[in-house]
Every structure is written in C-alpha cells, then in structure tokens.
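Per chain, numbering begins at 1; letters A, B, ... match sequence-line order. A quick note: this is a predicted structure, and the numbers were derived from the prediction, not measured.
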Amino acid sequence: MWLTEIPAPDFDLAMTLDSGQVFHWETAGKGFVGAIGDCPVYVEKDRNILRAFGSVLKLDRLKRPSLRKIVSQYFALDHSLAEICASLPRDPVMNAAKHFCRGLRIIRQPKWECLATFICSSMKQIAHIRQISRKLRERFGQARKINPPSPRLRCGEAITVFTFPSAERIAASSEKALHRCALGYRAKNLLATSRLIANRDLDLEQLARMADVDLHAKLCALPGVGAKVANCVMLFAYERLRAFPIDVWIERVLREQYFPGKRKLNVGRLRAFTEEYFGDHGGYAQQYLFHHARMSMGRSKSKVSGRRGAESLSRSRA
DNA sequence: GCCCAGGCCATTT
DNA sequence: AAATGGCATGGG
C-alpha cells in the first residue's frame, strides 16, 4: 500500500468522476474509491492536493510504475486545461459550459474497460450504466481490499473494490449470466466483442497506432459499437481529443443552441459542423457541453417540458 | 400506465 | 443516403 500527494490546482475530482465518462467510482468518506486498472485506489481532493492511497500489484513490481504515476496518468493531470480552454470556440454557449466545468478533465481509461462499459451504455441512463458496471465487477471481477493506514486519510474503514473483468473472463461467461447483470439486448454484443479479443482476432492496444479515421472504422466494426460509442472510446481511452460523441443530450444542445429553429438537420450535417467548429480539442468541448446541459436540466423539474418551459419563460419576460 | 435514457442495427423509403 | 422501428431495462 502506498500513499502519495500530488499538486493538482486545476483539477475538480468530483466533477470529473460524475461527468458520465467513467462509471465505477463511489464516494467513501471525503473522497472516492475505485480501481485504476488492477490497482485499488482511494482518492480525495484536499485543497490543491490530490491525495491517493492504494496498492500496486506485486507481480512484476520492478516494471510497475509508481502509484503516483498511475494516478497522474489516469486523471490526465498533464493536460494543460488553460491551453485546451483557450483553443475552444468563444461563443456564449461554449463559454458558459467552459466556466461551469472548470477543472473537469478527460481521463485516460483502460481500453477494454472503457469499450465494454460503453457497449453497455446504449439507451441507458448514467445511473443504470453504473449499476451494470458494478454488477459486472462484482460478478466477474476480482475483489481487492484497501486498508487505510491512518485517520489522515479520511476514508474510514477497510473497503473492498472490484476490478473490471478482463475480456477473457467475460468471454468465458455466458449470455445468460450477462443477462443477469441487467444488460438486456446488450449482453449479446458484449459477449461477441469480448470473444473477438479473447480469440486474438482483435488487440485493442495495437489499435492505438492507427489514425483517427481508421480507428473509428475499426471500432465501429465491433458488435454493439456505432459512431457514438466509437467516439466515446476514442476520447476516453485512446486520448483522441478531437473525438466528439453525439448523444441525445449533445444533439439537443446543438439543435437548440447552435441551430435554433432550423429544420433540415440530420446527424451528418451536425457532425460536419462539430468537426470543423470545435477543433483539436472538440472532445473537451463536447464533455463540457454535455455535463453543463445535464446538470442544468434538474432545475426545470420536468424534462419534457424543459424546452417549452424555457421558451415560455423567455416570452413571459419579454 | 406514461415518458426517457451517453444507440445500434436491419429494414424501408 | 436518409428516415424508421425494434430492442431490454429501470428511474421519474
């Protein structure tokens, strides 16, 4: 077990973990517990310090990076948010999201874990995706314990966390077993894709060398992976910061904020716009717009009446 | 019961 | 090429 403290002044841990890019971190004490790959970790933000406590596997410890390296890499503390934000468009919608999401980082997730959870994400609310992720971990992953050494770490008692199951482990399960994790029709896709990996027909690490377009096409060829999921995996696991996933939230933001009242707008037109407008860090723009929109929706009570509500509000003020 | 959800896919126009 | 409907499940 190791303890490390990392200066991270422009990093919002809680917002990053609650922004719908990763689904397994759970609050514990004043921080969060989860797994970074095979490493069980407790993390907390204490003023400008990111404090992490956890263990690295004993096998091949010599080749193993330090906990500090693992945490810094995972949370992308090397990303210069100042430069990234400066490169984003400066329209009112983007500015508001940018301001609201200060400190939110696009993290670097393990590739299979990211691919698998986003295969499970289709037509699911984030709370459901979290449930699915937890069930997969509890049922097929490995239990690892975190034993806090001192009350300095405000995480309380010993905690068990579960690693995400390998593709081989999922492939060795069954569609019925996956169904019991509330996967629904997604079970078949997850199983099929896991078997491509277990059978050596697909090596996710090898794909990292491919150009964006080719990587996107390769991912889209996998069962249960379409344009949206492929872009999520590119953004959250392959560090392709241009990737701009368009889900129902983002599509709503684009239609209402960037093309208000425009009728003939298919997904292809929206895609053409986002790729040229948001630029090299479009993925950050997308995540900020997504999180801001999702957090703002709670205020208007009813989701369906949200649009009408906003409209009538602006009219009544006029 | 209704609505919707970080969509994908086969089928039809 | 673009629109449409089915798909499993759970929360509000």
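- Counting non-hydrogen atoms under 4.0 angstrom, A/Ala187 reaches nothing in the nucleic acid.
- At a threshold of 4.0 angstrom between heavy atoms, the contacts of A/Ile250 include nucleobase atoms, whether or not backbone atoms are also involved.
- Taking atom P in both B/dT11 and C/dA8, the straight-line distance is 15 Å, to the nearest Å.
- A/Met123 has its CE atom 13 Å from the P atom of C/dG6, to the nearest Å.
- For A/Gln131 and C/dG11, the shortest distance from a side-chain N or O to OP1 or OP2 is below 4.0 Å.
- When each of C/dC7, C/dG10, B/dG6 is scored by its nearest atom to the side-chain atoms of A/Tyr185, the top-ranked nucleotide is C/dC7.
- Whole-Å rounding puts the A/Leu270 CG to C/dA2 P distance at 12 Å.
- Nucleotide C/dG11 is matched to B/dC3 when pairs are restricted to Watson-Crick or G-U wobble geometry with both distances under 3.5 angstrom.
- If you check every strand for non-hydrogen atoms under 4.0 Å, A/Ser19 touches a base.
- With hydrogens and angles left out, the side-chain atoms of A/Gln287 and A/His281 include no donor and acceptor closer than 3.5 Å.
- Comparing A/Arg186 and A/Leu265, the nucleotide of DNA chain C nearest to each residue sits closer to the 5' end for A/Leu265.
- The CE atom of A/Met297 sits 16 Å away from the C1' atom of C/dG11 (whole-angstrom rounding).
- Distance check on atom P: B/dC3 versus C/dG5 gives 15 Å, rounded to whole Å.
- Salt-bridge formation is detected for the pair A/Arg134/A/Glu26: a Lys NZ or Arg NE/NH1/NH2 atom is positioned less than 4.0 Å from an Asp or Glu carboxylate oxygen.
- Taking the side chain of A/His128 as heavy atoms from C-beta on, and the options B/dG7, C/dG10, C/dA3, the nearest nucleotide is C/dG10.
- Ring geometry for A/Tyr277 versus A/Phe273: interplanar angle under 30°, hence parallel rather than tilted (30 to 60°).
- Side-chain nitrogen and oxygen atoms of A/Arg252 include at least one within less than 4.0 Å of the OP1 or OP2 phosphate oxygen of B/dA5.
- Looking at the side chain of A/Asn266, the nearest of the listed nucleotides B/dG7, C/dA3, B/dG6 is C/dA3.
- Tracing side-chain contacts under 4.5 Å through hydrophobic residues (I, L, V, M, F, W, Y), one reaches A/Trp2 starting from A/Ile36; they form part of the same cluster.
- A/Arg130 places its CZ atom 14 Å from the P atom of C/dG11, with the value rounded to the nearest Å.
- Listed candidates were B/dG7, C/dT9, C/dG11. Nearest to the side chain of A/Lys124 is C/dT9.
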| message | Between A/Tyr258 and A/Asp91, is the side-chain hydrogen bond (donor to acceptor under 3.5 Å, both in side chains) condition met? List the steps. | response | CA-CA 10 Å; A/Tyr258 287 91; A/Asp91 64 76; 3.0 Å; yes

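- Using a 4.0 Å cut-off between a side-chain N of Lys or Arg and a carboxylate O of Asp or Glu, A/Lys30 and A/Glu44 do not qualify as a salt bridge.
- For A/Lys45 and A/Asp12, the salt-bridge test fails: no basic side-chain N is under 4.0 Å from an acidic carboxylate O.
- Using P as the reference atom, B/dG6 and C/dG6 are 22 Å apart when rounded to the nearest Å.
- Nearest nucleotide to the A/Ala182 side chain, out of B/dG6, C/dT9, B/dG7: C/dT9.
- The side-chain ring of A/Trp249 is not stacked on the base of B/dG6, judged by centre separation under 5.5 angstrom and plane angle under 30 degrees.
- With 3.5 Å as the limit, one finds a donor-acceptor pair spanning the side chains of A/Ser122 and A/Tyr185.
- Rounded to an integer number of Å, the gap from A/Phe118 CZ to B/dC8 P is 11 Å.
- When distances run from any side-chain atom of A/Phe23 to the nucleotides C/dG11, B/dG7, B/dG6, the shortest one goes to B/dG6.
- For the pair A/Ile106 CD1 and B/dG6 P, the computed distance is 16 Å after rounding to whole Å.
- When both distances must be under 3.5 Å, the Watson-Crick or G-U wobble mate of B/dC9 is C/dG5.
- Within 4.0 Å (heavy atoms only), A/Glu251 reaches no atom of the nucleic acid at all.
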At a cut-off of 3.5 Å, list every protein nitrogen or oxygen paired with a nitrogen or oxygen from nucleotides 9-11 of chain B, distance to 0.1 Å.
| residue | atom | partner | partner atom | Å |
| --- | --- | --- | --- | --- |
| B/dC9 | OP1 | A/Gly224 | N | 3.0 |
| B/dC9 | OP2 | A/Val225 | O | 3.3 |

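- Whole-Å rounding puts the A/Leu235 CG to B/dG6 C1' distance at 12 Å.
- For A/Arg294 and A/Asp247, the salt-bridge test fails: no basic side-chain N is under 4.0 Å from an acidic carboxylate O.
- Regarding A/Asp247, its CG atom lies at a distance of 9 Å from the C1' atom of B/dA5, rounded to whole Å.
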